[in-house]
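Just below is one structure, and these are the notes that go with it.
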Number of protein chains: 2
Amino acid sequence: MLQMLANPAAPPAFPRVSPTAPDLRSASLSGPLLPPRTVVFLEGLARSPQYRVVDGCIATAQTLSDGRRQIIDLVGPGRLIGLGFGDQNRYSAETLGFTRLELVPDSLTPGERDQALSEMLARSQSLVMLLGRKTAPERVASALIDLALQFGRPARDRKRGAETFHLYPTRGDLADWLGLTIETVSRCLTRLKKAGLIDIRHGDLVTVLDQRELAGVAAGDRALSN
Amino acid sequence: MLQMLANPAAPPAFPRVSPTAPDLRSASLSGPLLPPRTVVFLEGLARSPQYRVVDGCIATAQTLSDGRRQIIDLVGPGRLIGLGFGDQNRYSAETLGFTRLELVPDSLTPGERDQALSEMLARSQSLVMLLGRKTAPERVASALIDLALQFGRPARDRKRGAETFHLYPTRGDLADWLGLTIETVSRCLTRLKKAGLIDIRHGDLVTVLDQRELAGVAAGDRALSN
DNA sequence: CGTAATTTTGAGGTACTTCAACTTCAGTGG
DNA sequence: CCACTGAAGTTGAAGTACCTCAAAATTACG
């Protein structure tokens, strides 16, 4: 699942782009609804404008010449993409699910830009720690906690701490984010389910059943039986 | 300010800290010469001022509660440390080798700060790609290329492309940077030496003998025989 | 020269990957 | 409604890259 896109350098296949591809730039404030797997901009091409995610989810990723893909970040509502580089994009951005973007003026206030850059840096450093020093179950648990924070809603369940969110990334996306393979991600999720820490319904609706235990797994305090 | 305190997680050996620890604050422009393994500031403590590395090398690192350490970046001359966070340090900073720091005013121009943050972000994202998707030999080769760029001098050798630099990080530091173990780093270096791509003299003087081949290994184009 | 720390090297173990088969699910058309 | 198809996910078995453990070799230093 390393290459979902064609060669990034060359004009890419635009999977499932609606025939009448909406022009983002023409949207004044809140743009059109982009279908899943829409490429917003591509690594290596001339620098794209900046967007704020209004609703949905964006994956930013870099790809090696041989096709290995690494997702740099999953970006949820309220956060920005497309800032912080020079004359060309340092990563690609793609929707994972129906997503609404909002064009952000190139001239953010220095404060806003600083804030956004700092947050991106902090998240990138967290990912470095995760990739460099955490085991597969720890990575998956950490990812779920992050996704719950970004995409979680108050949860319809009354259960204390139970939080439900829409899982935008596929197993392949999670693998490319967490430096694992699809199979390893799947196995970890299965074990988290069997341990009663999470539940997944309809394939993409995740409920965190035991937040403390999940955090324990993420921190390496709790093992995770087979 | 210099917080030469004990490591919060575990009581660390503080090798070779000079008895009369110099106070950075008293230095107006270019500070004193800090000995190796001097802790400049610590993760989790109140935010430290910002410094520019004048000469030597700084490692910035995060540590998990169980002691696993991940080096976030190795910082060479000209680059900044200590910026980009809120009220407390998000990582520790430590000298690897005799290092001279220069206090940087808290009020960088927005342009300077933006520039520095962007560079840190770019480097962090490169490290994410390295940790998530590169093999051990690729990681070590990539690291050497980065270190040659940061610490390399014109090389006394006439050889085209040959570049020599002082290897500040130990095998352990490299391992904590590259998400590997000491032994794996050592084995990769040995293989690079045997392949004639690099040479290491006196334990810490590295010469890149074949820049192209080394880049090939880093990119995964060239394998690396046993 | 002697001791300790670091690095190297080897042998064996394991967490994760790879390969392959099976299952589930969404969409499509009969 | 239900077979048919393809994509996504799961599960199992086997392989391997890297880790762990241990010891030897090298280097650093008093």
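In what follows, chains are A, B, ... by sequence order, proteins preceding strands, each numbered from 1. All of these numbers come straight from a predicted model, not from anything done at the bench.
Rounded to a whole Å, the CZ atom of A:R201 is 14 Å from the P atom of C:dC25. The interatomic distance linking B:R191 (CZ) with D:dA17 (P) rounds to 9 Å, in whole Å. One can place CG of B:L167 at 9 Å from P of C:dT7, the figure rounded to the nearest angstrom. Distance, A:L174 CG to D:dA8 C1': 13 Å, rounded to whole Å. Per the geometry, CG belonging to A:D204 stands 9 Å off P belonging to C:dA26, to the nearest Å. Between the CZ atom of A:R171 and the C1' atom of C:dT23 there is a distance of 14 Å, given to the nearest Å. Note: CG (B:L180) to P (C:dC16) measures 15 Å, nearest angstrom. Between the C1' atom of C:dT6 and the CZ atom of B:R37 lies a distance of 12 Å, rounded to the nearest Å.
Between A:R187 and C:dC16 there is no side-chain polar atom (N or O) within less than 4.0 angstrom of OP1 or OP2. Contact between the side-chain N/O atoms of A:T184 and the OP1/OP2 oxygens of C:dA15 is not found at any separation under 4.0 Å. Contact between the side-chain N/O atoms of B:T181 and the OP1/OP2 oxygens of D:dC19 is found at a separation under 4.0 Å. Contact annotation: A:T190 side-chain N/O to D:dT11 OP1/OP2 distance is under 4.0 Å.
Contact check on B:E138 versus B:R222 returns no salt bridge, with no Lys/Arg side-chain nitrogen under 4.0 Å from an Asp/Glu carboxylate oxygen. Between B:R69 and B:D176, at least one side-chain nitrogen of the basic residue sits less than 4.0 Å from a carboxylate oxygen of the acidic one, meeting the salt-bridge criterion. We find that A:E43 and A:R90 are not joined by a salt bridge, their nearest charged nitrogen and carboxylate oxygen being 4.0 Å or further apart.
Of the candidate nucleotides D:dT10, D:dG12, D:dT20, D:dT10 has the atom lying nearest to any side-chain atom of A:K193. Of the candidates D:dT10, C:dT9, C:dC19, the closest approach to any side-chain atom of B:E183 belongs to C:dT9.
A 4.5 Å side-chain heavy-atom check between B:Y91 and B:Q62 finds at least one atom pair inside the cut-off.
Nearest-nucleotide mapping onto DNA chain C: of A:K134 and B:I182, the residue sitting toward the 5' end is B:I182.
No contact: A:L189 has no heavy atom under 4.0 Å from any strand. Residue contacts for A:H202: at a heavy-atom cut-off of 4.0 Å it reaches no nucleic acid atom on any strand shown.
Judged purely by distance below 3.5 Å, without hydrogens or angles, the side chains of B:R79 and B:Q150 pair a donor atom with an acceptor atom.
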